Number of protein chains: 2
Amino acid sequence: MADVAAFTQALTHRPSVAMATGSPISLRVFSLNCWGIRYRSLHCTPRYEMIAELLSKEKHDVVLLQEVWSELDYLFLKKKLACSHQHSHYFKSGVIGSGLAVFSKHNIQDAFLYRYSLNGYPYMAHHGDWFGGKAVGLVILNVCGLTAHVYVTHLHAEYCREHDSYLPHRVVQAWELQQFVRHTSRGADLVILSGDLNMHPQDLGTRLLRTYTRLQDCYAETEKFDGCEEGFTLIAENPFTSKEELLPFDKGIRIDYIFFKGSKKVCVKCKLFSTTKGSVPGKPFPYSDHEALSADLLLLPQQVTEATGREHESCDTDALAELVNTVTEARTEVKVGLHYAERMRHTAARTGLLGLALLLLELAIGAVPWLTPSAQQPFPQASFYLLGALCLATLLGALLLYVFHCTQVKALQGAEDQMRLAVGALQEKLRGRPLGQPGDLLCDVGVPSEPTLLDPKE
Amino acid sequence: MADVAAFTQALTHRPSVAMATGSPISLRVFSLNCWGIRYRSLHCTPRYEMIAELLSKEKHDVVLLQEVWSELDYLFLKKKLACSHQHSHYFKSGVIGSGLAVFSKHNIQDAFLYRYSLNGYPYMAHHGDWFGGKAVGLVILNVCGLTAHVYVTHLHAEYCREHDSYLPHRVVQAWELQQFVRHTSRGADLVILSGDLNMHPQDLGTRLLRTYTRLQDCYAETEKFDGCEEGFTLIAENPFTSKEELLPFDKGIRIDYIFFKGSKKVCVKCKLFSTTKGSVPGKPFPYSDHEALSADLLLLPQQVTEATGREHESCDTDALAELVNTVTEARTEVKVGLHYAERMRHTAARTGLLGLALLLLELAIGAVPWLTPSAQQPFPQASFYLLGALCLATLLGALLLYVFHCTQVKALQGAEDQMRLAVGALQEKLRGRPLGQPGDLLCDVGVPSEPTLLDPKE
């Protein structure tokens with residue numbers, strides 16, 4: 001219970017004072033998929049008003065929003081939160097934007113965006129994911145002298161769990177997400193990742209992300225939880241949620257997360273994790289079709305010693321073996337996707353060739369009266385032009401599809417190559433190591449590799 | 001001259017032994033734009049044979065190639081270099097690939113690719129840059145116990161220096177390149193970046209990259225240089241180079257680079273930097289239309305002390321002020337690009353609307369005989385269908401262009417937002433600091449921010 005006392009103390013202290021004396025710091029994080037498709041999402045404007053009201057009242061340290069598709073809505077929130085959250089960033093990508101927005105009480109020092117290489121198909125316009133350039137955004141915050149790397153992301157939606165044609169895309173997105181987090185979080189005192197992953201806790205992509213980055217799940221790690229059963233973030237009670245889409249999970253599913261990780265400089269604990277529960281007291285409808293997440297984190301600065309560094313770095317052989325299995329599983333899934341993309345590319349090529357052949361045939365037939373003036377035009381003129389236009393449209397359409405599927409094939413091949421390399425490196429590490437030795441492919445936040453070979457004393 | 005002796009010693013020592021005793025390590029880096037467009041680049045196959053011969057003879061530690069457009073050529077090199085360079089990686093992206101390949105004598109532990117958000121226009125097919133998904137590839141090497149982050153990249157070509165419509169694209173690419181290098185190189189003992197930047201040494205993008213990352217240019221830093229005048233890598237003497245394209249620089253230009261940076265653990269020196277000189281003795285033609293670069297680096301491991309850490313970290317106010325100016329200049333260039341992209345998007349929208357209006361008008365005229373059976377069909381049927389097809393093609397083409405230019409606008413807006421944020425952060429740093437104080441936005445490789453506030457003693 002000493003921690004609770006420290007937590008209360010932290011809440012009353014001014015942060016900078018807290019840091020100067022080495023006392024704990026409280027950090028409150030909020031995450032919500034706002035379902036902000038203008039003219040399509042129900043009650044969009046009043047819901048944004050409700051969200052702004054909640055945020056300016058609750059004054060979370062960091063607010064991570066997804067599906068803020070319209071910049072006007074971001075600007076509305078920015079205006080409303082001008083007093084409570086002075087710093088903000090809106091990530092732009094794709095055709096309509098990434099939908100990702102960050103509001104913060106702490107200074108945003110830097111921002112960086114990584115667009116996923118795969119993100120659905122432009123011709124599946126009714127799903128729309130391709131048009132929102134799905135990405136992971138990183139903002140670097142100065143939290144009372146600590147460097148916090150805060151990531152917000154939104155992965156491709158799952159439209160049908162049984163026949164999920166987007167699964168390889170989501171697996172590649174999860175792969176790129178863990179790569180981005182791993183490679184950009186070195187040197188961070190604290191890492192926070194939040195967003196709508198569109199994956200259940202035990203799904204391949206979630207496991208891939210968590211085993212590689214060793215991020216901790218607020219729901220699993222919290223000391224106190226207040227929210228929906230099993231931390232569900234899409235629930236049947238929410239009036240905006242289609243009950244049919246949730247089936248066979250009739251109570252709900254958990255696809256939104258807040259993850260965290262400390263470093264050798266800062267130990268992080270989740271004191272309270274909560275979700276909204278489908279309705280808002282005194283309001284006619286909820287904030288969104290997703291439930292909002294809120295985490296109260298406690299940052300406990302610790303003395304950096306050689307021992308803490310090593311302790312933090314240690315990863316056991318079991319974790320490495322699990323990681324090898326997960327990456328291998330992901331590789332299999334990517335291969336399935338690659339097979340499909342290659343087939344689609346092949347189909348596009350064949351269709352294009354067919355269009356070209358028909359066009360040439362038609363031109364040849366059309367040329368008959370020119371070459372032999374006595375011959376009659378074999379086609380009625382209207383059909384001739386219509387057929388010609390159809391052939392040309394087929395040819396051009398197939399060409400565009402061919403180019404598109406080429407990029408898909410390259411992206412999937414690239415991900416598979418990287419996974420093969422990763423499995424090789426992990427296996428080599430496994431082979432060359434007895435049980436319980438420290439690793440450096442995992443858990444590398446804030447722990448630059450030790451200069452073991454540089455020190456002649458060692 | 002003590003360094004030269006150490007260098008000779010390093011060459012004769014086995015690397016791991018060298019590291020164990022803290023002795024210097026020699027690292028030889030090679031870079032070449034291979035000009036490998038199958039069926040278009042001259043003497044492609046014999047040139048790859050020459051390159052393979054050179055590399056297997058010279059046995060550089062790290063070989064960084066650009067424009068290896070065909071995977072078959074990469075596989076050919078991989079087979080030929082199986083003995084000299086056991087480790088390799090080929091980065092795939094875009095429609096035909098990124099063209100980036102790495103061959104290494106040292107173990108590749110991890111690979112990661114960042115595709116630039118802007119890279120020319122698909123309808124400028126004769127320039128072709130859009131189809132090669134230009135990117136920066138990162139491989140993490142284990143060089144005798146040191147973690148080396150090695151980057152290879154290729155930016156958009158410059159086709160006309162006077163009226164360079166791709167300048168904003170290249171500036172955004174340089175911006176994203178410095179971001180990627182800065183954010184992913186924390187924790188590295190050694191950073192190497194090489195490639196064809198398609199920018200002169202004093203160009204905005206080069207300055208942006210160098211002032212932000214503080215990478216050192218081998219040509220400027222080398223103790224001994226052997227190569228073309230002023231380090232040119234596109235020279236008039238090269239028979240594959242078009243003399244007209246070089247004008248007004250009649251002798252040549254320098255657009256290929258090898259950059260390096262050490263850390264508090266390793267001091268890096270460039271002992272020898274060389275370029276090829278337009279022809280290869282005993283061969284009928286050169287390796288490529290670009291000159292090849294080769295750098296002999298010397299890594300000097302140093303004892304990590306608090307003093308070295310701080311010394312490495314210090315950046316003066318002048319450097320910060322220069323950086324603010326450079327980023328501001330880049331922002332202006334991005335704004336010019338944004339203005340152009342918005343105009344193109346507007347043009348696409350207007351053209352699309354025009355196509356739609358014509359199509360509707362035509363359909364209305366076509367519907368007249370159906371509505372008033374006594375009226376005659378006002379159009380000859382053939383013209384009717386041809387015009388209809390043309391309107392539809394205009395509409396669809398304009399739609400595709402509109403979608404494309406939307407992504408361009410979003411990417412440019414995103415880069416501009418990030419630059420604005422960066423200028424703000426840098427200015428704040430400048431305002432709050434007297435001359436000569438250490439900085440943390442610059443030079444952060446291997447130097448995690450100090451836990452100044454965590455230590456009650458401070």
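Computed from a predicted structure; not experimentally measured. Each chain gets a letter, A, B and so on, in the order its sequence line appears, and its residues count up from 1.
- Note that NZ of B:Lys92 and CG of A:Asp417 are 3.5 Å apart. Values are rounded to the nearest 0.5 Å.
- Looking at A:His87, there are no atoms closer than 4.5 Å to chain B (heavy atoms on both sides), in backbone or side chain.
- Side chain of B:Gln179 to backbone of A:Ala111: a donor-acceptor contact under 3.5 angstrom is found.
- Expressed to the nearest 0.5 Å, how far OG1 of A:Thr184 lies from CZ of B:Arg186 amounts to 8.5 Å.
- Separation of atoms CG (B:Leu113) and CD (A:Gln418) is listed at 6.5 Å; rounding is to 0.5 Å.
- Side-chain contact between A:Tyr402 and B:Val95: absent, with no pair of heavy atoms (C-beta onward) separated by less than 4.5 Å.
- Closest approach of A:Gln413 and B:Glu71 over heavy atoms only: OE1-OE1, 4.5 Å.
- With a 4.5 angstrom heavy-atom cutoff, A:His405 does not touch chain B via any of its atoms.
- Checking A:Glu428 against B:Asn107 by side-chain atom types alone, a donor-acceptor pair falls below 3.5 Å.
- The side-chain heavy atoms of A:Phe112 and B:Phe180, taken from C-beta on, include a pair separated by under 4.5 Å.
- With a 4.5 Å cut-off on non-hydrogen atoms, A:Leu400 touches chain B through its side chain but not through its backbone.
- A distance of 12.5 Å separates OG1 of A:Thr407 from CD1 of B:Ile96, quoted to the nearest 0.5 Å.
- Comparing A:Gly94, A:Ala389, A:Gly97, A:Ser93 by how many heavy-atom pairs each has under 4.5 Å with chain B, the most go to A:Gly94.
- Interface remark: A:Trp175 contributes no atoms to any contact with chain B (heavy atom separation under 4.5 Å).
- One distance of note links CZ of B:Arg115 with OH of A:Tyr114; it measures 6.5 Å at 0.5 Å rounding.
- At a threshold of 4.5 Å between non-hydrogen side-chain atoms, the residues B:His183 and A:Asp110 count as touching.
- Residues A:Leu421 and B:Gln109 have side chains not in contact (no heavy-atom distance under 4.5 Å, counting atoms from C-beta outward).
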